[in-house]
Amino acid sequence: MIFNISSSKTLIALAVASSVFIAGCQATASSSTATQNNVTTSPVAAVVNTPADMGSTKITLEQAMAHPDWLGRQPERAFWGSDSATIIYARKEQGNELRNLFSQSITSQSAEQVALNKLHTVGANKAVYSKNKALQAYVFEGNIFVKSVTTGAIQQVTHTSSTESKPQFLNDGSLAYRQGNTFFKVDLSSGLTTEIANLKLADKPQGITEPSSYIAKEQHKLIDYIALTHKNNKDKQARKAQLKQQNSSIANTEFYLGKGNSVKDVQLSPNGDALLVVVQEQRDWRDDSDIMPNYITDDARIEPKKARRRVADEKSQTSELVYINLNDKSQNTLSFDTLPGFDEDVLAAVKKENYARDGKTYKSKKAPRGINLISDWGWDQSPIIWNDDGSNVAIMLEAWDNKDRWLATVDFKNNKLVSQHRLHDDAWIAYAFNDFGWLHNSNTLYYLSEQSGYSQLYKKPLNGKATALTTGKFEVSNLTLTDDNSAIYYKANVEHPGLYEIYRVNPLTGKNEQVTDLNGMTDYTLSPDQTKLLLKHSTIMLPTELYVADAKANTQVTRLTHTVSDEFLAKKLTTPKIIAVPSSHTDQPIYAKVYYPADYVEGEVGKKRKAVIFNHGAGYLQNSHLGWSGYFREFMFHSLLADEGYVVMDMDYRASKGYGRDWRTAIYRQMGTPETQDLADGVKWMAENANVNTQAVGTYGGSYGGFMTFMALFTAPELFQAGAALRPVTDWAHYNAPYTANILNHPDVDPIAYERSSPIYYAEGLNKRLLINAPMVDDNVFFQDTVRLVQRLIELEKENFETAIFPVEPHGFVQPSSWLDEYRRIYKLFKETL
């Protein structure tokens with residue numbers, strides 16, 4: 001089946017928020033216009049259309065939970081070939097977990113499998129190109145390869161058992177690469193390999209030292225043999241130093257970064273003459289007691305698997321930023337004290353509140369904060385980026401307390417950091433929307449920032465003010481700058497929070513243009529010659545396929561892959577409608593998917609419906625969008641429920657991605673409270689708009705969704721009649737630091753936030769049926785979370801809960817039998833209670 005993509009748009013009048021929904025087929029209403037300086041959008045999304053229900057064969061629970069091979073094995077990890085005319089992608093083999101690589105011309109509807117002995121010839125997703133785009137360099141199985149773009153000729157640069165990485169064409173035409181903490185460059189004409197820097201995680205050797213103690217000095221005076229040996233050793237040391245200094249054939253590249261340290265990141269300048277290195281004290285990622293028992297092993301014994309440290313055990317850490325000049329061999333540490341706010345007590349109010357609860361008084365004082373590289377969960381770039389000629393370097397840093405992000409450059413003359421942009425958030429800095437870079441052949445930065453309340457794109461010359469290149473109530477991400485500075489391509493949800501298209505802006509003029517018009521979820525990769533786009537596009541009813549289009553405004557697309565199975569297309573599946581639920585607590589509506597029963601008639605009276613609300617995981621994740629959901633099993637389960645008369649709602653509660661900074665941070669220091677309020681608004685909406693009986697509503701979800709199920713049943717016990725919590729968090733002090741410390745600070749600083757946000761403190765509120773499904777080898781949310789809560793419920797003498805354990809499953813279930821068992825239990829719970 002070929003899925004036809006409509007590029008037409010139908011203008012539809014905006015509706016009141018309570019009745020805004022997505023219905024019908026594939027056209028999209030646009031309330032947005034491209035202007036010279038920005039892209040604007042209405043604060044209330046336009047009505048857009050979704051496909052009609054598909055198929056005629058009823059989906060069964062067994063089929064929905066079967067291994068996803070039956071969906072068609074969609075393309076994975078797609079990237080451009082060096083010729084800008086070929087797409088490379090992987091597909092899973094039927095019946096096992098192996099992947100095969102395929103090569104497909106953009107003018108062909110068929111692909112060829114790449115033979116194992118040819119895998120090193122096709123390039124890689126993170127390939128780099130020489131300045132004139134004549135050569136491509138990439139890594140295959142730990143070795144470096146260079147390919148001629150015009151002839152396809154391949155030169156293998158390394159052939160070792162070590163792992164080489166980070167190929168980089170330097171401005172002189174040579175190729176640099178990294179092997180561990182050693183940097184090399186290769187003259188591609190002569191083949192000569194030169195070591196340019198060797199970073200040693202050790203203290204600098206002291207060499208031959210003079211005697212310092214009294215008896216040592218006397219020993220040198222009294223014993224000629226000792227004095228002579230000492231002199232000979234000093235002579236050898238001096239000669240070796242002279243040889244290194246005067247003979248250029250010998251590598252003299254050692255730089256010492258301190259014993260007990262680790263290199264967090266290092267970037268070589270385009271000229272190959274400098275390094276910017278970020279060093280951090282080496283710490284283990286766990287303590288000895290951080291283990292997770294695995295009961296199902298091949299030798300029938302218990303395996304104590306290593307597990308990560310909990311947020312409650314994390315300690316503050318800061319990095320050291322080292323600038324190394326490879327020409328004069330100098331090495332300087334750059335202080336953070338030039339960054340605005342580097343020593344602010346940004347948590348003073350929080351500390352004051354926690355102290356007061358304990359009858360203490362907190363006195364605020366300034367002190368240097370822990371500062372490290374920014375951590376962005378979706379990045380494929382480094383937080384350190386040099387400009388084209390190597391005259392400037394930018395680095396993105398964040399505070400350990402998660403309240404500040406700095407984009408800084410380096411004043412090489414004075415060896416100090418210069419802050420170019422500070423983003424402060426009283427809640428926390430997002431772990432997304434941190435893309436940045438340099439305009440080519442310039443000293444102008446571009447970057448994303450949430451300073452307006454939404455992720456938008458800015459540019460800033462080093463000595464000038466920042467200028468917004470986009471503005472509006474939408475989220476900009478995934479930046480790609482063209483070589484001629486004529487465009488920065490980006491992904492954004494301009495027209496509707498759940499509809500993502502590709503746009504571009506001219507950073508010199510500020511003119512924005514819409515590129516794609518596909519009505520779904522669209523991601524892109526610009527071709528090496530920058531004339532075409534590889535598009536990864538999905539709709540609310542169909543998984544991701546690959547498309548290609550010219551890189552221009554209002555482009556037309558050509559579909560390349562057709563991997564969705566006929567078996568899947570034949571299944572009777574309900575298309576969810578995306579509606580905007582009015583919020584009782586915010587001006588923004590709560591966007592949600594609603595699956596209506598097959599026999600539902602709009603405006604029906606008399607017949608009261610039962611309903612289920614699904615809570616997506618991750619917290620910061622968007623699921624009420626127009627693309628294919630990662631929750632594809634749940635999508636089919638919801639279709640099954642709708643076919644049996646349930647109304648099913650899937651809400652993008654507060655904290656979900658895609659709706660701006662305020663929506664994201666609404667849960668700061670109170671996880672579970674805003675989300676439960678939003679669930680209550682969802683139940684109210686279904687009662688008023690979908691004829692739902694409020695006494696026949698259940699809820700379920702996994703991970704963060706499991707946590708939300710607990711919070712709803714424990715703190716608002718009359719809202720739902722039953723709930724199923726899957727792989728759930730019960731106590732946030734036991735979760736990891738990178739996620740939790742953003743939202744709740746650290747437990748030693750803000751115990752109030754942890755007690756306010758952890759279900760185990762509210763377990764006495766349970767008075768409805770609760771199912772807990774817990775995987776036992778979950779290294780994300782530990783099985784211990786469930787064990788501790790179950791013990792608490794036992795001590796509270798609760799009778800209306802049950803626990804199912806899954807001995808071989810990690811956080812994301814793998815075995816179809818486990819999926820089926822889990823969802824049979826959920827299905828049974830709702831059948832018996834609603």
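- Checked by atom type, the side-chain pair H537/T544 shows no donor-acceptor distance below 3.5 Å.
- Checked against M686 for a side chain to side chain contact (heavy atoms under 4.5 Å, CB included), the options I613, N691, V581, I579 give a single hit: I613.
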*Could you walk me through whether L499 and N519 pass the side-chain contact (heavy atoms from CB on, under 4.5 Å) test, one step at a time?*
CA-CA 6 Å; L499 197 161; N519 303 328; 4.1 Å; yes
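- A side-chain donor from one of Y659 and D652 sits under 3.5 Å from a side-chain acceptor of the other.
- Summarising the local packing, CG of L98 is surrounded by more than 12 heavy atoms from other residues, nucleotides or ligands at distances under 6.0 Å.
- The two residues I488 and L469 make their nearest non-hydrogen contact at CD1-CD1, 4.4 Å.
- For R654 and D678, the salt-bridge test passes: some basic side-chain N is under 4.0 Å from an acidic carboxylate O.
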*Evaluate the criterion side-chain contact (heavy atoms from CB on, under 4.5 Å) for residue pair T531 and S527; output intermediate values, then yes/no.*
CA-CA 6 Å; T531 64; S527 64; 4.1 Å; yes
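- Under 4.0 Å is where a charged nitrogen must lie from a carboxylate oxygen, and between D69 and K92 at least one such pair does.
- Aromatic rings of F568 and W628 (six-membered ring for Trp) have centroids within the 6.0 Å cut-off, being under it.
- Side-chain contact check for L534 versus V548: every heavy-atom pair is 4.5 Å or farther apart.
- A donor and an acceptor atom, one from each side chain of Y89 and E76, are nowhere located under 3.5 Å apart.
- The shortest heavy-atom contact between P75 and E545 is CD-OE1, 3.9 Å.
- Of all the heavy atoms in Q456 and T471, the pair that sits closest is OE1-N, 3.2 Å.
- F813 has its side chain within reach of P775: a pair of non-hydrogen atoms, C-beta onward, lies under 4.5 Å apart.
- Between W377 and Y620, the ring center distance fails the sub-6.0 Å criterion.
- Taking all atoms of both residues into account, the shortest heavy-atom contact from E809 to S818 is OE2-OG, 2.6 Å.
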_Steps toward side-chain contact (heavy atoms from CB on, under 4.5 Å) verdict (Y595, K593)_ = CA-CA 7 Å; Y595 299 74; K593 289 177 179 174; 4.3 Å; yes
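- Taking the six-membered ring where the residue is Trp, the centroids of Y591 and H625 are separated by 6.0 Å or more.
- Using a 4.5 Å heavy-atom cutoff, the side chains of V557 and L535 are in contact.
- Of the N and O atoms on the side chains of T586 and S583, at least one donor lies less than 3.5 Å from an acceptor on the other residue.
- Centroid-to-centroid, the aromatic rings of Y700 and F614 come within less than 6.0 Å.
- When ring centroids are compared, F707 and Y704 come within the 6.0 Å threshold.
- From T516, atom OG1 reaches atom NZ of K491 across 10.5 Å, with rounding to the nearest 0.5 Å.
- Taking a cutoff of 4.0 Å between a charged side-chain nitrogen and a carboxylate oxygen, E450 and R664 qualify as a salt bridge.
- A salt bridge links E822 and R727; the closest N-O separation between the charged side-chain nitrogens and carboxylate oxygens is under 4.0 Å.
- The backbone N or O of A487 sits less than 3.5 Å from a side-chain atom of T482, completing a donor-acceptor pair.
- Using modelled atom types and a 3.5 Å distance limit, the side chains of N512 and T470 yield no donor-acceptor pair.
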*S629 vs F635, side-chain contact (heavy atoms from CB on, under 4.5 Å): CA-CA, chis, key distance, verdict*: CA-CA 8 Å; S629 172; F635 156 60; 5.5 Å; no
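- To the nearest 0.5 angstrom, Y489 atom OH is 9.5 Å from T480 atom OG1.
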*Evaluate the salt bridge (charged side-chain N to carboxylate O under 4.0 Å, His left out) criterion for residues E644 and K831: first the C-alpha distance (whole Å), next the side-chain angles of each, then the deciding distance (0.1 Å), finally the verdict.*
CA-CA 10 Å; E644 296 187 4; K831 277 290 189 182; 3.2 Å; yes
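- Summarising the local packing, CD of E112 is surrounded by 12 or fewer heavy atoms from other residues, nucleotides or ligands at distances under 6.0 Å.
- Between E93 and R73 there is no salt bridge, since no side-chain nitrogen of the basic residue lies less than 4.0 Å from a carboxylate oxygen of the acidic one.
- In terms of heavy-atom proximity, K572 sits nearest to I59 at O-CG2, 4.1 Å.
- Side chain of D83 to main chain of A85: a donor-acceptor pair is present (N/O by atom type, distance under 3.5 Å, no hydrogens or angles).
- Side-chain rings of F433 and Y454 stay apart, their centers remaining 6.0 Å or farther from each other.
- Side-chain contact check for H638 and T574: no donor-acceptor pair (N or O, by modelled atom type) lies under 3.5 Å.
- A salt bridge links R99 with E97: the closest approach of a Lys/Arg side-chain nitrogen to an acidic carboxylate oxygen falls below 4.0 angstrom.
- Side-chain atoms of W379 and D435 form a donor-acceptor pair, as typed in the model, at a separation below 3.5 Å.
- Considering all non-hydrogen atoms of both residues, L518 and E501 come closest at N-OE2, 2.8 Å.
- Salt-bridge formation is detected for the pair D599/R609: a Lys NZ or Arg NE/NH1/NH2 atom is positioned less than 4.0 Å from an Asp or Glu carboxylate oxygen.
- For the pair Q104/T561, a side-chain contact is recorded, criterion being any heavy-atom separation below 4.5 Å from C-beta on.
- Within the 3.5 Å criterion, the main-chain N or O of Q113 finds no donor-acceptor partner in the side chain of R91.
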